Every structure is written in C-alpha cells, then in structure tokens.
Amino acid sequence: MAKVIIIEETTKNPITLMGQRAGVCWGANIEDPEKNYKRGLDCIISGHHRVMEYVNVEMILDGYSARVIREWYTHIGGAPTRLQASTRYIKYEDFKYVLPHTIEKAPEAKRIYEETMKTISEAAARLENECGIPREDAAMLLPLGMETRIVDKRNLRNLIEMSHQRMCTRAFWEYRELMRDLCAALKDYSEEWAYLVDNYFMPKCEVAGYCTEKKSCGRKPKKEN
Ligand SMILES: Cc1cc2nc3c(=O)[nH]c(=O)nc-3n(C[C@H](O)[C@H](O)[C@H](O)COP(=O)(O)OP(=O)(O)OC[C@H]3O[C@@H](n4cnc5c(N)ncnc54)[C@H](O)[C@@H]3O)c2cc1C
C-alpha cells in the first residue's frame with residue numbers, strides 16, 4: 001500500500017518556528033515559545049505567508065505511481081528538491097504497479113491491465129537477458145502506472161499551494177489520495193501540524209469561495225452564478 005512517511009528533519013512545531021523567525025525582525029522576545037506560537041499564528045492569519053517558507057517538510061513518498069509523482073514535480077514554488085528511485089539499478093522485470101479502482105472493479109478490464117503489465121515485465125526481462133540490452137534501455141518500456149519511491153523536501157507554503165490545486169475534485173484521483181495520506185501523516189506528526197492541516201490545506205474553491213475550474217464538480221457555485 002502506498003504511504004507518506006514524515007522524516008524527523010520536518011519542523012516539529014511549525015507555528016512556533018514561524019513566530020520565532022518573524023520575532024527576530026520585530027525585535028521581540030523570541031525565547032518564549034508561547035509568545036512565538038501566538039506571533040506565528042498572527043502572521044499566518046494576517047496572510048504574511050512568507051514565514052511559511054521557514055517550515056521544512058522532508059518525507060518519503062512510497063508506492064505511488066510514476067505518473068502521480070510526475071504531477072507532484074510540477075509544484076516548484078520555493079525550489080523544492082527530491083531524490084527518486086533509479087530506473088537503472090533496480091530490478092524492473094518484476095516492477096510493482098498501481099491498480100486504478102475503476103479497473104479493479106471491472107474483471108475484464110483488470111485482466112487486460114494485469115496481462116499488459118506482465119507482458120511489459122517479461123519483455124523488459126527478455127531484452128536484458130536474451131538480447132543483452134542494457135537495463136537502462138530495457139527500462140524504456142516501463143509504464144507510468146509503475147510504483148516508485150521518492151525522498152522529497154519542500155516548505156509549508158508550497159504544500160498549502162499544492163493542496164489548493166490537488167485537493168480539487170478535478171485533480172487526478174491518485175493525487176487526491178496522496179493528499180489525503182499526506183494530510184493524515186502531517187496531522188499525526190504534531191498538534192501544530194494538525195492545526196495547520198485542518199485550517200489551511202483545502203481545495204481552491206474553499207479559498208476563493210467559488211469554483212475557478214471551467215468544468216465544475218458543483219461543490220461550490222461558479223463565480224458568474
Ligand atoms: C485539473 C488539473 C489539470 C492539470 N493539467 C495539466 C496539464 O495538462 N499539463 C501540465 O503540465 N500541468 C497540468 N496541471 C498542473 C498545473 O498546471 C500546475 O503545474 C500545478 O498546479 C503546479 O503549479 P502551481 O502554480 O499550482 O504550483 P507551484 O509551482 O508550487 O507555485 C505556487 C505559486 O508560487 C508562485 N510561483 C511559482 N513559480 C513561479 C514563478 N516562476 N514566477 C512567479 N511566481 C511563481 C505562483 O503564485 C504559484 O501559484 C493540472 C493541474 C490540475 C489541478
């Protein structure tokens with residue numbers, strides 16, 4: 001099963017940290033954690049979101065498809081960084097893959113999907129073992145549905161922006177599930193994270209008060225309505 005693992009370098013008390021960083025510039029008492037917490041909260045409620053860029057998030061995303069990770073990489077605000085499982089050194093003749101719910105529910109579709117994955121896997125192995133093709137070239141056959149693993153590092157502001165796009169009903173279902181896993185993992189990490197997730201991680205219609213998408217899911221009215 002796919003999972004999000006929050007690594008210990010992730011800021012444990014993000015609101016307190018934000019207040020501490022802001023306090024430096026205001027000549028405030030930054031030794032008092034309670035005052036830092038209150039100042040951090042004031043900053044984000046007032047919309048001074050630059051302070052969110054001091055909050056570090058490091059995590060492992062494991063078992064999601066290469067396709068959804070490709071979408072994850074489009075969120076470039078704040079210059080995040082990552083490492084991704086190699087396609088050169090891992091044994092890909094027995095790669096794992098994501099099975100979409102729609103396909104899982106339809107026996108014939110499931111049969112076609114699984115058979116195709118098996119064919120790809122066997123062909124990659126034959127290219128390598130029977131034809132002497134280097135693994136990096138046989139790996140060209142690998143599908144976007146294959147599972148991958150990344151180690152990702154970004155800041156709070158980037159993740160909040162991401163939630164606006166990717167918790168939208170229009171976003172790819174696997175990304176929405178990834179966001180759900182991410183929110184749960186962050187909420188587990190500390191109380192301050194639980195507050196931030198509950199109050200700031202939301203689809204863009206919640207922020208705007210109306211739907212900004214051309215094809216609306218109807219969750220919120222369109223602006224012109
Ligand atoms: C339903 C849906 C369909 C999509 N379809 C496609 C698709 O077909 N093809 C595709 O490529 N992508 C697609 N996307 C991805 C989308 O276009 C964005 O790439 C993705 O949402 C990340 O960009 P972002 O601006 O939201 O986030 P970030 O890149 O993290 O940026 C966050 C914010 O930071 C600021 N910012 C970031 N970079 C800059 C910059 N260089 N200069 C100034 N300000 C900056 C902006 O204010 C921005 O809103 C889709 C997304 C959705 C939700």
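Numbers here simply count residues along the sequence, with the first being 1. Values below: all heavy atoms of this structure, side chains included; hydrogens, waters and symmetry mates excluded. No experiment lies behind these values; they were computed from the predicted model shown.
In this structure, NZ on Lys204 lies 11.0 Å from CD on Glu161, to the nearest 0.5 angstrom. Between atom CG of residue Asp42 and atom CZ of residue Arg39 there is a gap of 9.0 Å, rounded to the nearest 0.5 Å. Atom-to-atom distance recorded for Ile7:CD1 and Met59:CE is 9.0 Å, nearest 0.5 angstrom. Annotation: the span from Trp72 atom CH2 to Phe172 atom CZ amounts to 14.5 Å, rounded to 0.5 Å. Atom-to-atom distance recorded for Cys211:SG and Lys220:NZ is 11.0 Å, nearest 0.5 angstrom. Interatomic distance, Leu61 CG to Gln84 CD, rounded to the nearest 0.5 Å: 10.0 Å.
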Please test Met162 against Tyr175 for side chain to side chain contact (heavy atoms under 4.5 Å, CB included), starting from the C-alpha separation and ending with a verdict.
-> CA-CA 10 Å; Met162 183 191 287; Tyr175 213 136; 3.4 Å; yes

Check the pair Thr148, Arg67 against side chain to side chain donor-acceptor pair (under 3.5 Å), reporting the backbone distance first and the verdict last.
-> CA-CA 9 Å; Thr148 191; Arg67 178 175 170 195; over 6 Å; no

Go through Lys12 and Glu192 one step at a time and tell me if the salt bridge (charged side-chain N to carboxylate O under 4.0 Å, His left out) criterion holds.
-> CA-CA 8 Å; Lys12 196 83 186 179; Glu192 290 194 16; over 6 Å; no

Please assess Met18 against Cys43 for the test side chain to side chain contact (heavy atoms under 4.5 Å, CB included), listing each intermediate value before the final yes or no.
-> CA-CA 8 Å; Met18 287 188 270; Cys43 279; 5.7 Å; no

Kindly determine whether Val57 and Trp193 satisfy side chain to side chain contact (heavy atoms under 4.5 Å, CB included), including the steps that lead there.
-> CA-CA 11 Å; Val57 183; Trp193 271 108; 3.6 Å; yes

Could you walk me through whether His101 and Glu177 pass side chain to side chain contact (heavy atoms under 4.5 Å, CB included), step by step?
-> CA-CA 12 Å; His101 305 304; Glu177 291 193 0; 2.6 Å; yes

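Within the 4.5 Å cutoff, the side chain of Leu159 has heavy atoms near those of the Leu182 side chain. Counting only heavy atoms from C-beta outward, the side chains of Tyr97 and Leu144 never approach each other to under 4.5 Å. Ile30 has its side chain out of reach of Arg21: every pair of non-hydrogen atoms, C-beta onward, lies at least 4.5 Å apart. In this structure, Glu147 and Asp62 have side chains that are not in contact, with every pair of non-hydrogen atoms separated by 4.5 Å or more. Proximity of Arg166 to His75: side-chain heavy atoms (C-beta onward) are separated by under 4.5 Å at one or more points. Taking the side chain as every heavy atom from C-beta outward, Glu213 and Ser216 never approach each other to under 4.5 Å. Between Pro203 and Arg219 there is a side-chain heavy-atom pair separated by less than 4.5 Å.
No path of Ile, Leu, Val, Met, Phe, Trp and Tyr side chains, each step under 4.5 Å between heavy atoms, connects Ile60 with Ile69, placing them in separate hydrophobic clusters. When the side chains of ILVMFWY residues are joined at heavy-atom separations under 4.5 Å, either directly or via intervening members, Ile45 and Val55 end up in a single hydrophobic cluster. Note: the hydrophobic cluster containing Tyr73 also contains Leu178 (ILVMFWY, side chain heavy atoms under 4.5 Å, direct or indirect links). Residues Val151 and Ile5 share a hydrophobic cluster, clusters being chains of Ile/Leu/Val/Met/Phe/Trp/Tyr side chains in contact below 4.5 Å. Residues Met202 and Ile15 fall into different hydrophobic clusters, defined by Ile, Leu, Val, Met, Phe, Trp and Tyr side chains chained together at heavy-atom separations under 4.5 Å.
Between the side chains of Tyr64 and Asp181, at least one donor N or O lies within less than 3.5 Å of an accepting N or O. For the residue pair Tyr54 / Gln20, no side-chain donor-acceptor distance below 3.5 Å is found, with atom types taken as modelled. Residues Ser65 and Glu174 have side chains that bring a donor and an acceptor to within less than 3.5 angstrom of each other.
Open room surrounds CZ on Arg149; 12 or fewer heavy atoms of other groups in view lie less than 6.0 Å from it. Within a 6.0 Å sphere centred on CD of Glu130, other residues, nucleotides and ligands contribute more than 12 heavy atoms.
What you find for Pro80 and Asn158 is that their closest heavy atoms are CG-ND2, 4.0 Å. Of all non-hydrogen atoms in Ser163 and Phe201, the two that sit nearest each other are OG-CA, 3.4 Å. Closest non-hydrogen pair, Gln165 versus Ala171, comes out as O-CB, 3.7 Å. Between Ala124 and Ala138 the shortest heavy-atom distance is O-CB, 3.7 Å. Shown here for Thr16 and Pro33, the closest heavy-atom pair between the two residues is CG2-O, 3.8 Å. Residues Tyr113 and Ile103 come closest through the heavy atom pair CD1-CD1, 3.5 Å.
Lys38 has no carboxylate O lying under 4.0 Å from a charged side-chain N of Glu34, or vice versa, which leaves the two without a salt bridge. Salt-bridge check for Arg154 with Asp152: passed, with a basic side-chain N closer than 4.0 Å to an acidic carboxylate O. Salt-bridge check for Arg111 with Glu108: passed, with a basic side-chain N closer than 4.0 Å to an acidic carboxylate O. Taking the charged nitrogens against the carboxylate oxygens, Arg126 and Glu122 have no contact shorter than 4.0 Å, which rules out a salt bridge. Looking at Glu9 and Lys153, no side-chain N of the basic residue comes within less than 4.0 Å of a carboxylate O on the acidic one, giving no salt bridge.
For Ile76, the side chain to side chain contact (heavy atoms under 4.5 Å, CB included) test picks out no residue, with sequence neighbours left out. Among residues two or more places apart in sequence or in another chain, the side chain to side chain contact (heavy atoms under 4.5 Å, CB included) test is passed with Arg157 by His49, Arg50, Met52, Glu53, Asn155. For Thr116, the side chain to side chain contact (heavy atoms under 4.5 Å, CB included) criterion is met by Ile112, Ile120, not counting sequence neighbours.
Asn129 contributes a side-chain N or O that, together with a main-chain N or O of Ala125, makes up a donor-acceptor pair within less than 3.5 Å. Looking at Ser121, its side chain never comes within 3.5 Å of a backbone N or O of Met117 through a donor-acceptor pair. When atom types are taken as modelled, the side chain of Tyr189 and the backbone of Asn13 share no donor-acceptor pair closer than 3.5 angstrom. Panel note: side chain Thr10, backbone Ile6; no donor-acceptor pair is recorded below 3.5 Å.
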